[in-house]
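Throughout, protein chains are lettered first and strands after them, A, B, ... in sequence-line order, and every chain is numbered starting at 1.
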Protein chains: 2
Amino acid sequence: MRPTAQPSSGGAQLLDRTVALLDLVADGGVDGLSLKQLAALSGLNTATCHRILNTLVGHKLLARDDKKRRYRLGARMAIYGVRAARGPGIISRCEVALTRLRRRTGDTTHLMARFNHDSVCLDRRDGECIVPTLTGSIGGFVPLGVGPGSIAMLAFLDEDEQDYIIRANLGRYASYRNLTEEKVRQLIADTRRRGYAVDMGGLIPGIAGVGMPIITPGEKPGAALSFTLLCAKAGPGVIERYGALLEEEINAIVGQ
Amino acid sequence: MRPTAQPSSGGAQLLDRTVALLDLVADGGVDGLSLKQLAALSGLNTATCHRILNTLVGHKLLARDDKKRRYRLGARMAIYGVRAARGPGIISRCEVALTRLRRRTGDTTHLMARFNHDSVCLDRRDGECIVPTLTGSIGGFVPLGVGPGSIAMLAFLDEDEQDYIIRANLGRYASYRNLTEEKVRQLIADTRRRGYAVDMGGLIPGIAGVGMPIITPGEKPGAALSFTLLCAKAGPGVIERYGALLEEEINAIVGQ
DNA sequence: GCATAAAATCTCATATTATGAAAAAACTAC
DNA sequence: GTAGTTTTTTCATAATATGAGATTTTATGC
């Protein structure tokens, strides 16, 4: 079980519960989740769950497969999503940077965002040669701690939060080429020292990555930009250059 | 003022109000809306509004520009959006169709969805030659009744709902080359007869469009596929061919 | 720079609303 | 057909949201 949205200080219990359920459904994958699963995952009473979920279905924030009676994100969510992407949010703010990084290097670039214990791909530009990536397409995700963009965000959280997230994700690391807690902690240390995260074929053989968090002063890192390239291309100085490019773009984004 | 989400039958007032506010913010454009505006638009008490909005900001479903104190859609919404796009929702279901229509014609294709009184662009494939479109990029929108995809959806709603939407949008039509209620009603009639909507340079000079709604049996049309092409390319039989292509793809989508 | 207006935020007694245990209904599997 | 599981509905009760008004903060005019 992965606990999700933290309660908002005062009062609004129903909304907190609603967001927690939305999070669970969003995390639930393409097959959706049943009422029973959602009740178990959220710890809510089945009736309460049922009531909230059905209201959300009524508003099309969620959809229910009538056949299998499973809940998944609904059409209105997709619309909110494209709207959110248009506004002055993180996606718009990084659009130019992403394209420019792609153009200046020829490599695949990603915009990742922190979402609970995961790192979600919000946007990407494909490089000249098709490289396999951990997240696949937009919307894909990996546990926080896996991959350069993901490590980059994790590395600049408070230690308490890092510990909490690493512990929550422990069971999931092994499926990434036997990643371990120790390796993740080592990567965090390296990343903090260097300012950006580097992976040299550690996750996908022959594929390297460089990632740097986008940190608005006074806030926790919520997003990161990253490169994915062939290890073969990562000769001497290349990683450093890519780190410098990321820094340049991120400074511009944060500065505006 | 545009009324938005209808209340869900029983009970959940807070959630209804919350969704109404989310809708208003989603419609609010890139500059966002102030508390006062949202209170006025929603008809809610200022304090109630404030409480709900701030809870949503706490959950990052909304964001607030601290400078101008305006509310807009937040980062979590963007994440829900990309997740919703991945699942077995309308975007995924139309992905192949959109690409194939683009490939078979060389023209720009759109997936539009109904959202309150608007038609929102959920996805698109750019054609060989860049044509100006009403909605611009993904997330862009037009009033229901403007544009072929938009007319296509409107045409197959109940008459009551059509009237309601047309009346709500009256003030917005004039900015589209002096579109009028009469013209919209005429287009609806044509579309119902033909099965798909056609526009021949009526909205953007020299630009034609063909649109057809995606109708799941027993449901109201919620989405549409459409083409945008140069009028010059729309010689005899072309529009009919495009209509047939749309029908073919939509049958496949609905059938699955 | 100060005064005035306007908007946003906070407080709290009250009534409305959400809650969840339990019962009923609808599926599933055998 | 029956037993077991999951979903849906019910309803008395407790808990929560509500909104008028007070207070603070921000914007505007002079």
Does A:His117 offer a backbone N or O that forms a donor-acceptor pair with the side chain of A:Asn169 under 3.5 Å?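 Checked: pair present.
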Does B:Ser150 use its side chain to pair, donor to acceptor, with the backbone of B:Pro143 at less than 3.5 Å?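 Judged by distance alone, yes, a pair lies under 3.5 Å.
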Atom-pair distance ([atom1] on [X]; [atom2] on [N]), nearest Å:
X	N	atom1	atom2	answer
A:Ile52	C:dT17	CD1	C1'	13 Å
B:Leu56	D:dA17	CG	P	13 Å
A:Asn54	C:dT19	CG	P	14 Å
B:Arg64	C:dA7	CZ	P	17 Å
B:Asp16	D:dA17	CG	P	15 Å
B:His50	C:dC10	NE2	C1'	8 Å
B:Lys36	D:dT26	NZ	P	18 Å
B:Leu15	D:dT16	CG	C1'	13 Å

Closest-nucleotide mapping onto DNA chain C: is B:Arg51 or A:Leu44 further toward the 5' terminus? I mean the 5' end.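 Mapping each residue to its closest nucleotide by heavy atoms, the 5'-most match is B:Arg51.
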When we call it a touch if two heavy atoms are under 4.0 Å apart, what does B:Thr46 touch: a base, just sugar-phosphate, or nothing?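 Since a base atom lies under 4.0 Å of B:Thr46, the category is base.
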Would you mind reporting whether B:Asp23 and B:Asp27 have side-chain heavy atoms less than 4.5 Å apart?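 No - every pair of side-chain heavy atoms lies 4.5 Å or more apart.
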Please determine if a side-chain N or O atom of B:Arg17 lies less than 4.0 Å away from the OP1 or OP2 oxygen of C:dT16.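 No.
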After noting the C-alpha distance and the side-chain angles of B:Asn54 and B:Tyr71, does the key distance pass the side chain to side chain donor-acceptor pair (under 3.5 Å) rule? CA-CA 9 Å; B:Asn54 277 46; B:Tyr71 296 88; 3.1 Å; yes
Of all heavy-atom pairs between [X] and [Y], which one has the smallest distance, and what is that distance?
X	Y	result
B:Glu249	B:Arg100	OE2-NE, 2.7 Å
A:Gly32	A:Arg72	CA-CB, 4.3 Å
A:Ala85	A:Ile91	CB-CD1, 3.8 Å

Heteroatom pairs (N/O) under 3.5 angstrom, protein to nucleotides 22-30 of chain C:
none

When you measure from the side chain of A:Gln13, which nucleotide among D:dT8, D:dA17, C:dA8 comes out closest?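 Looking only at side-chain atoms, A:Gln13 lies closest to D:dA17.
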